[in-house]
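Each remark here refers to the structure printed beneath this line.
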Amino acid sequence: QVQLVESGGGLVQPGGSLGLSCAASGTIFTIETMGWYRQAPGKQRELVATVTTGGYTNYTESVKDRFTISRDNANRAVYLQMNSLKPEDTAVYYCNAEIRRYPVIIKPQKYWGQGTQVTVSS
């Protein structure tokens, strides 16, 4: 079994900051790209940011220069630091990781966390 457990969501005022964390556990051989996605009410889930094993990052345009994604390979964790939050950032944020559970598995499988609510409101 593989689990991704997120933490750090909550309520914050516009302009504030929040940090999200996600840790992977279970039978894991390698973790490739890790990322954060979000889903607002009535909208499709969208990519927020990703980070490769080597530290290459990618952001959706609306969060560039405000959010920072990072990872700790030794602890199988990924983080999202969110600054200058806006009401439109309100959503459930999901952690995602591409994981190979065993050496014989060539193609990694995507795993998801349970989601954590981020609400930006005054």
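- Between I69 atom CD1 and T57 atom OG1 the span is 8.0 Å, to the nearest 0.5 Å.
- Side-chain contact between R76 and I28 is present, with heavy atoms from C-beta onward closer than 4.5 Å.
- One finds the CG atom of L47 at 11.5 Å from the CZ atom of R45 (value rounded to the nearest 0.5 Å).
- Between the side chain of R100 and the backbone N or O of K107, no donor-acceptor pair lies under 3.5 Å.
- Nearest heavy-atom pair, A97 versus I31, reported as atom, atom and distance to 0.1 Å: CB-CG2, 4.1 Å.
- Using a 4.5 Å heavy-atom cutoff, the side chains of L20 and M82 are in contact.
- Note that the OG1 atom of T60 and the CZ atom of R38 stand 7.0 Å from one another [nearest 0.5 Å].
- Between P87 and S121 there is no side-chain heavy-atom pair separated by less than 4.5 Å.
- None of L11, L18, V92 except one satisfies the side chain to side chain contact (heavy atoms under 4.5 Å, CB included) rule with V118; the exception is L18.
- Taking all atoms of both residues into account, the shortest heavy-atom contact from Y59 to T68 is OH-CA, 3.4 Å.
- Here the CD-CD distance, from Q109 to E32, works out to 12.5 Å after rounding to the nearest 0.5 Å.
- With a 6.0 Å radius and a threshold of 12 heavy atoms from other residues, nucleotides or ligands, Q44 has its CD atom at or below the threshold.
- Taking each heavy atom of L80 and A49 in turn, the nearest pair found is CD1-CB, 4.4 Å.
- Put simply, the side chain of T53 does not reach to within 4.5 Å of the side chain of M34, judged on heavy atoms.
- From S62, atom OG reaches atom CG of D89 across 7.0 Å, with rounding to the nearest 0.5 Å.
- Side-chain atoms of T30 and R101, non-hydrogen and from C-beta on, never get closer than 4.5 Å to each other.
- Residues that satisfy the salt bridge (Lys or Arg N to Asp or Glu O under 4.0 Å) test with E61, not counting sequence neighbours, are K64.
- No more than 12 heavy atoms of other residues, nucleotides or ligands shown are found within 6.0 angstrom of CD on Q3.
- E6 places a side-chain N or O within 3.5 Å of a backbone atom of C95 that can act as its donor or acceptor partner.
- The distance from the CD atom of Q117 to the OH atom of Y93 is 9.5 Å, given to the nearest 0.5 Å.
- Counting only distance, with no hydrogens or angles, the side chain of T90 and the backbone of V120 share a donor-acceptor pair below 3.5 Å.
- Although no hydrogens or angles enter the test, the distance criterion places no donor-acceptor pair under 3.5 Å between the side chain of N75 and the main chain of D72.
- Hydrophobic clustering (side-chain heavy atoms under 4.5 Å, transitive across Ile, Leu, Val, Met, Phe, Trp, Tyr) keeps Y79 apart from L4.
- In this structure, Y94 is not a member of the same hydrophobic cluster as V48, with clusters built from ILVMFWY side-chain heavy atoms closer than 4.5 Å.
- Listed here is the closest heavy atom pair of S17 and Q81: CB-NE2, 3.9 Å.
- Annotation for S122 and P14: closest pair N-CD, 3.7 Å, computed over non-hydrogen atoms.
- Applying the ring-ring contact (aromatic ring centres under 6.0 Å, His included) test to residues at least two apart or on different chains, the pairs with a partner in residues 17-57 are Y37-W112.
- Among pairs with a residue in residues 64-94, none fulfils disulfide (SG to SG under 2.5 Å), at least two apart in sequence or across chains.
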